[in-house]
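The residues of the chain are indexed from 1 along the displayed sequence. No experiment lies behind these values; they were computed from the predicted model shown. Remember, it's 1-based here, ligands and their atoms both numbered in the order they're listed.
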Amino acid sequence: MISLKTKAEIEKIRSAGMIVAGAFEVMRENLKPGITTAVLDDLANEYIERRGGKAAFKGYHGYPANICISIDEEVVHGIPGERRIEAGQLVSIDVGVLLDGYYGDSAYTFLVDGVSPEAKKLARVAEEALYRGIEVARPGGHLTDISWAIQSHVESNGFSVVRDLVGHGIGKKMHEDPRIPNYGKPGAGPLLKEGMVLAIEPMVNQRGYEIETLKDQWTVVTKDRSLSAHFEHTVVVTANGPVILTGGRFTCKI
Ligand code: MF3
Ligand code: CO
């Protein structure tokens with residue numbers, strides 16, 4: 001069952017989402033070669049708590065950190081620790097916040113100075129794919145219109161979309177119905193309706209779409225160890241079109 005959120009609920013999700021967006025500003029300011037991913041995790045958590053929120057991933061199915069940081073061939077769910085950020089890395093950060101009973105969830109892939117042109121293109125195409133998906137999240141459309149918008153953009157640029165992980169509805173729970181695959185033919189699945197709140201999150205691999213999980217039981221990597229990028233926004237479907245609840249698009253210059 002896909003719940004339709006009231007105006008008041010949407011504002012609560014937006015309030016959580018604005019804390020997520022603020023945490024990304026903190027990440028952007030501090031993501032430099034030499035910093036450890038554990039320090040980034042701490043900075044995000046301090047920011048979130050100062051704003052009255054709770055880092056949503058901590059303890060989720062036993063997840064041990066506050067945010068996810070996934071570097072280069074890591075796709076998602078990388079666990080922050082003593083690893084240091086290096087020049088040339090592709091750093092995907094995923095942040096979820098719980099505030100006043102509602103969740104916001106977003107991800108962004110940062111380019112640390114000196115990334116290859118191919119890595120830059122991968123991140124650009126993944127971000128464009130997210131916005132292509134958001135653009136078709138409108139009343140009267142079907143769920144898989146989002147999937148197709150993402151897949152077609154990614155594949156026409158020579159990359160692949162991860163198939164085993166999906167976007168999701170979000171609200172009172174971090175993961176609600178529907179599952180939102182990032183691939184599939186358009187015009188199928190549930191009709192999109194005003195008040196649906198969706199976390200749309202393409203994960204885009206440089207080569208094959210296959211993934212595997214490392215021995216830490218969390219870190220998902222590309223099977224062929226090619227690079228991967230991940231972008232996510234929490235979006236509400238309205239009569240006037242999609243509205244992003246986790247802050248606007250921002251340009252990242254590191
Ligand atoms: N942000 C992820 C998602 O969108 C959730 C992270 S899983 C966790 O589904 F276990 F790390 F919390
Ligand atoms: Co998500």
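Neither side chain, H168 nor E176, offers a donor N or O lying under 3.5 Å from an acceptor on the other. Side-chain atoms of H233 and D105 include no donor-acceptor pair closer than 3.5 Å. For the residue pair T238 and N240, no side-chain donor N or O sits within less than 3.5 Å of a side-chain acceptor on the partner.
A continuous path of hydrophobic side-chain contacts links Y131 to V125 [ILVMFWY only; heavy atoms under 4.5 Å].
Evaluation of the ring pair (Phe, Tyr, Trp, His ring centres under 6.0 Å) rule for F159 yields no partner, not counting sequence neighbours.
Screening the protein for N, O or S atoms under 2.8 Å from the Co ion (ligand 2) yields 4; no waters enter the count.
Listed by chain and number, residues touching ligand 1 at under 4.0 Å (heavy atoms only) are F57, Y60, Y63, C68, H77, D94, D105, H168, H175, E201, W218, E232.
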Show which side-chain atoms of residues 71-82 pair as donor or acceptor with protein atoms under 3.5 Å away, not counting sequence neighbours.
from: D72; atom 1: OD1; to: L90; atom 2: N; distance (Å): 2.9
from: E74; atom 1: OE1; to: I71; atom 2: N; distance (Å): 2.9
from: E74; atom 1: OE2; to: R83; atom 2: NH1; distance (Å): 3.1

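Atom CZ of R225 sits in a crowded spot, with more than 12 heavy atoms from other residues, nucleotides or ligands closer than 6.0 Å.
Between T222 and S228, the shortest heavy-atom distance links the atoms CG2-CB, 3.9 Å.
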Determine whether I244 and I134 satisfy the following criterion, side-chain contact (heavy atoms from CB on, under 4.5 Å), listing intermediate values before the conclusion. CA-CA 8 Å; I244 297 172; I134 291 172; 4.0 Å; yes
